Every structure is written in structure tokens, then in C-alpha cells.
Peer 1: 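Supplied in C-alpha cells, the structure appears directly below.
All values derive from a computational prediction rather than experimental measurement.
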Amino acid sequence: MMKFSKVLGILAVTAGAVAMVGAPASAQAAKKKAAAKPVTIYLTRHGETTGNVMGRVQGWSDFPLTSNGVAVANNLGRGLKGKTFKVAYAGNLTRQQVTAKQALKYSGNSKVKVNTSKYLREGGYGSFEGDSIATDNALIAGVYGYKNGDEMMAAQGKDYWTKLQDAYYTLDQQDSQKTKLVAGDRAESSQQVEARMAKELMTIAKATKKQGGGNALVVSSGMSINEYLSTLKGAKYTGAPLKNAAVTRLTYKNGKLQVKGLIGSMYYVDKGAKLAK
């Protein structure tokens with residue numbers, strides 16, 4: 001029969017061995033956690049398009065970048081040089097994807113793949129797609145009793161973009177344009193746009209964090225970005241129009257996305273333009 005003192009010795013040795021095995025694992029986990037970087041999303045509007053220049057309602061329609069639009073995307077990239085992007089995403093429209101690719105190329109991140117998602121595309125305008133904005137101006141504003149878009153924008157302030165989206169939705173539900181579009185091709189409501197944008201951006205933030213954190217380039221469109229930003233609590237959101245290739249940084253912390261710095265900043269584009277001279 002083994003002596004009690006010997007049993008205690010064996011237990012002590014075993015416990016020490018377990019502690020030694022567990023220590024490196026705990027240290028490794030702590031080291032990995034410390035090495036994880038914060039997640040920052042560079043939420044960006046696409047460059048100038050033919051639709052922008054011609055004053056057309058774009059939405060889901062695939063208007064390409066103009067030569068100036070490509071140049072602005074290139075300047076965005078130059079201004080972002082020195083930033084390392086872990087991942088990149090864009091809506092499934094040409095204007096969004098090309099902006100992302102050019103920005104990555106000129107920022108030194110050309111090896112980063114651009115993931116595409118329909119949830120990051122512009123708000124859908126259904127039967128109004130491709131229309132002249134000027135022609136539809138009074139009709140859209142009239143939904144709320146305004147004479148024109150300028151009067152509506154001045155009155156609605158930061159709610160303008162959501163109201164604009166909902167005006168398209170309301171008129172298309174009423175079939176004001178007398179089209180044969182099926183329900184899935186009709187204009188989206190602001191609630192639909194906000195929900196898909198919020199869900200996709202949160203998915204991107206969580207996925208980036210799982211990969212150790214870092215920067216994510218996300219290219220979307222003016223209306224959809226504005227509608228999403230209007231839902232963020234604590235953001236100094238005014239509803240000001242976003243210029244082409246304007247950047248809004250979002251940080252992910254404690255399961256939430258928050259605006260960091262200016263909304264719709266042209267800092268990177270302006271910096272890139274100076275470097276291009």
C-alpha cells in the first residue's frame with residue numbers, strides 16, 4: 001500500500017505539470033488579445049458618375065464612374081496611403097466597386113480583395129430609376145406638401161434623406177408612374193435601406209474583429225450612407241449631402257458602431273489631390 005506522503009508528492013508533481021501546460025495557453029490567449037487591433041470602418045461614397053453629372057435618379061441602376069470620378073477615387077487612394085486595410089467591401093454596383101479598387105490600388109493595398117454585397121448598394125427607387133431628378137422634383141416634394149426639393153430639404157433638415165426615400169416608396173406603392181414592376185423591384189422604404197445597411201456593416205465589423213481587427217474599406221452610396229448615419233445615436237449628424245468619395249470613419253466597440261471624427265470628410269481626397277500634383 002502506497003504511503004500517504006508519497007501520494008501527496010505525486011499529486012503535487014501532477015498539479016505542477018498541469019499548471020505548466022496551462023500557463024503557456026493562458027499567456028498565448030492574453031498575448032493574442034493584446035495584439036488584436038481596434039476595428040475601424042472607412043465608410044465611403046463612390047466617385048462621380050455619369051448619372052451624377054446628368055442629374056439622374058441612380059438607385060440600383062448601374063451608372064459608371066466618369067473620368068473625373070476615377071481621378072477622385074485615385075486621389076482618395078493616394079490620401080489613404082499608409083493605411084493598411086485588412087478587408088474591403090463594396091456594393092454590387094460598378095461605381096462602388098471601381099471606387100474601392102482604385103482606392104486600394106493607389107493606397108498600396110492592391111492585394112486586398114473587394115468583397116461585393118447587394119446590401120451596400122444605393123437605395124432602390126423602383127419606377128423612378130433613371131428619371132431626371134429635376135423632372136421628379138416637385139412630384140417627390142409634393143408628397144409632404146412642399147413646392148420643390150429645395151423647400152423640402154430646408155424644412156426637413158437631418159430627416160431629409162429618409163423622407164426623400166420614403167417619398168419614392170410611397171409614390172411607387174401607389175404606382176404613380178404606371179409601370180409593371182413587381183414588388184421586389186419597387187422603391188425601398190428608408191426603414192428597409194437602414195436595416196440592410198446596419199446589418200451588413202455590423203457583420204463586416206464582427207468579421208474584421210475575428211480576424212484580429214484593423215481597417216476595413218467599405219464603399220457605398222450617398223443616400224444609403226446618409227440614411228444609415230441618421231440612425232446612429234450620439235453622432236453629430238446634420239443631413240448634409242455627402243460629396244463623391246467622402247469618408248466617414250466608424251469604430252466598433254462593445255458591440256456597437258460609432259462615428260469617429262467628421263461625417264463625410266474630404267480630407268483624404270484633398271490630401272491625395274495635392275500629392276498627385
Side-chain angles (χ1 to χ4, degrees), residues 36-48 69 72-91 95-96 99-100 102-109 112 114-115 117 119-120 122 157-162 193-194 197-209 211-276:
K37 298 177 181 179
V39 174
T40 302
I41 292 177
Y42 287 70
L43 183 58
T44 307
R45 187 190 174 198
H46 59 75
E48 180 191 84
V72 169
N74 294 348
N75 285 336
L76 169 64
R78 292 186 182 99
L80 287 169
K81 198 156 190 176
K83 303 287 183 185
T84 299
F85 288 98
K86 176 69 69 69
V87 292
Y89 293 81
R95 59 186 182 269
Q96 298 166 332
T99 299
Q102 294 302 112
L104 290 170
K105 177 181 177 181
Y106 281 83
S107 66
N109 292 276
V112 178
V114 177
N115 300 286
S117 169
Y119 302 116
L120 294 170
E122 181 63 295
K158 65 180 182 180
D159 295 324
Y160 172 71
W161 303 103
T162 56
V193 176
E194 291 162 4
M197 285 287 290
K199 184 177 180 180
E200 191 69 354
L201 286 166
M202 186 59 71
T203 298
I204 291 169
K206 289 179 178 179
T208 306
K209 184 179 180 182
Q211 295 178 49
N215 299 322
L217 177 66
V218 177
V219 180
S220 184
S221 292
M223 281 277 287
S224 50
I225 293 174
N226 256 313
E227 290 173 60
Y228 165 73
L229 292 175
S230 72
T231 68
L232 296 184
K233 294 180 180 179
K236 294 180 180 180
Y237 177 76
T238 64
L242 298 173
K243 293 182 179 180
N244 291 116
V247 175
T248 302
R249 290 185 299 162
L250 304 173
T251 56
Y252 179 65
K253 188 176 182 180
N254 298 325
K256 294 181 180 180
L257 282 166
Q258 296 179 317
V259 172
K260 182 179 181 180
L262 298 175
I263 288 177
S265 173
M266 292 300 287
Y267 170 79
Y268 299 106
V269 173
D270 293 341
K271 179 182 177 183
K274 289 178 183 178
L275 292 171

Peer 1: Scan side-chain atoms only and decide if Ser220 and Glu122 contain a donor-acceptor pair under the 3.5 Å cut-off.
Peer 2: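 There is no such pair (donor and acceptor under 3.5 Å, judged by atom type) between the side chains of Ser220 and Glu122.
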Peer 1: Minimum heavy-atom separation for Met202 and Lys256, please, with both atom names.
Peer 2: CE-CA, 4.3 Å
Peer 1: Donor-acceptor pair, Asn215 side chain versus Thr84 backbone, under 3.5 Å?
Peer 2: yes
Peer 1: Checking side chain to side chain donor-acceptor pair (under 3.5 Å) for the pair Tyr237/Asn226: CA distance, chi angles, key distance, verdict?
Peer 2: CA-CA 9 Å; Tyr237 177 76; Asn226 256 313; 2.8 Å; yes
Peer 1: Considering non-hydrogen atoms only, spot the tightest contact between Gly91 and Gln96 and give its length.
Peer 2: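 Here Gly91 and Gln96 meet closest at CA-OE1, 2.8 Å.
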Peer 1: Heavy-atom count around Tyr119 OH within 6.0 Å, excluding the residue itself: above 12?
Peer 2: no
Peer 1: When rounded to the nearest 0.5 angstrom, what is the spacing between CG in Leu76 and OG in Ser107?
Peer 2: 8.0 Å
Peer 1: Between Ala276 and Asn75, which heavy-atom pair has the shortest distance, and what is it?
Peer 2: CB-OD1, 3.6 Å
Peer 1: Do Tyr106 and Gln102 have side chains that approach each other closer than 4.5 Å (heavy atoms only, starting at C-beta)?
Peer 2: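 A side-chain contact exists here, since the closest heavy-atom pair is under 4.5 Å.
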Peer 1: Taking all heavy atoms of Ile263 and all of Leu229, pick out the closest pair and write down the distance.
Peer 2: CG2-CD1, 3.7 Å
Peer 1: Which heavy atom of Leu242 sits nearest to which heavy atom of Gly222, and what is that distance?
Peer 2: CD1-O, 3.9 Å
Peer 1: Taking side chain as C-beta onward, heavy atoms only, is Glu194 less than 4.5 Å from Thr162?
Peer 2: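 Counting from C-beta outward, Glu194 and Thr162 do come under 4.5 Å.
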Peer 1: To the nearest 0.5 angstrom, please state how far the NZ atom of Lys199 sits from the OH atom of Tyr228.
Peer 2: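 So the NZ of Lys199 and the OH of Tyr228 are separated by 14.5 Å.
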Peer 1: Where the side chain of Lys86 meets the backbone of Gly213, is there a donor-acceptor pair that is under 3.5 Å apart?
Peer 2: yes
Peer 1: I need the minimum non-hydrogen distance between Leu217 and Ala103, along with the two atoms involved.
Peer 2: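 Shortest heavy-atom contact: CD2-CB, 4.1 Å.
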Peer 1: I'd like to know if the side chain of Thr44 reaches the main chain of Tyr42, judged simply by a donor and an acceptor atom lying under 3.5 Å from each other, with no hydrogens or angles considered.
Peer 2: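 Confirmed, Thr44 side chain pairs with Tyr42 backbone.
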Peer 1: Quick one: does Arg45's side chain get under 4.5 Å of Asn244's, heavy atoms only?
Peer 2: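 Result yes, sub-4.5 Å side-chain heavy-atom pair found.
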Peer 1: Going from NZ on Lys271 to CZ on Arg78, what distance comes out if it is rounded to the nearest 0.5 angstrom?
Peer 2: 13.0 Å
Peer 1: Please check if the side chain of Thr251 supplies one atom and the backbone of Lys260 the other of a donor-acceptor pair under 3.5 Å.
Peer 2: no
Peer 1: Using side-chain heavy atoms (C-beta onward) and a distance below 4.5 Å, is Tyr252 in contact with Thr208?
Peer 2: no
Peer 1: Determine yes or no for a side-chain-to-main-chain donor-acceptor pair under 3.5 angstrom, with Asn109 supplying the side chain and Lys83 the backbone.
Peer 2: yes
Peer 1: Answer with yes or no whether the side chains of Glu200 and Ser117 bring together a donor and an acceptor at under 3.5 Å.
Peer 2: yes
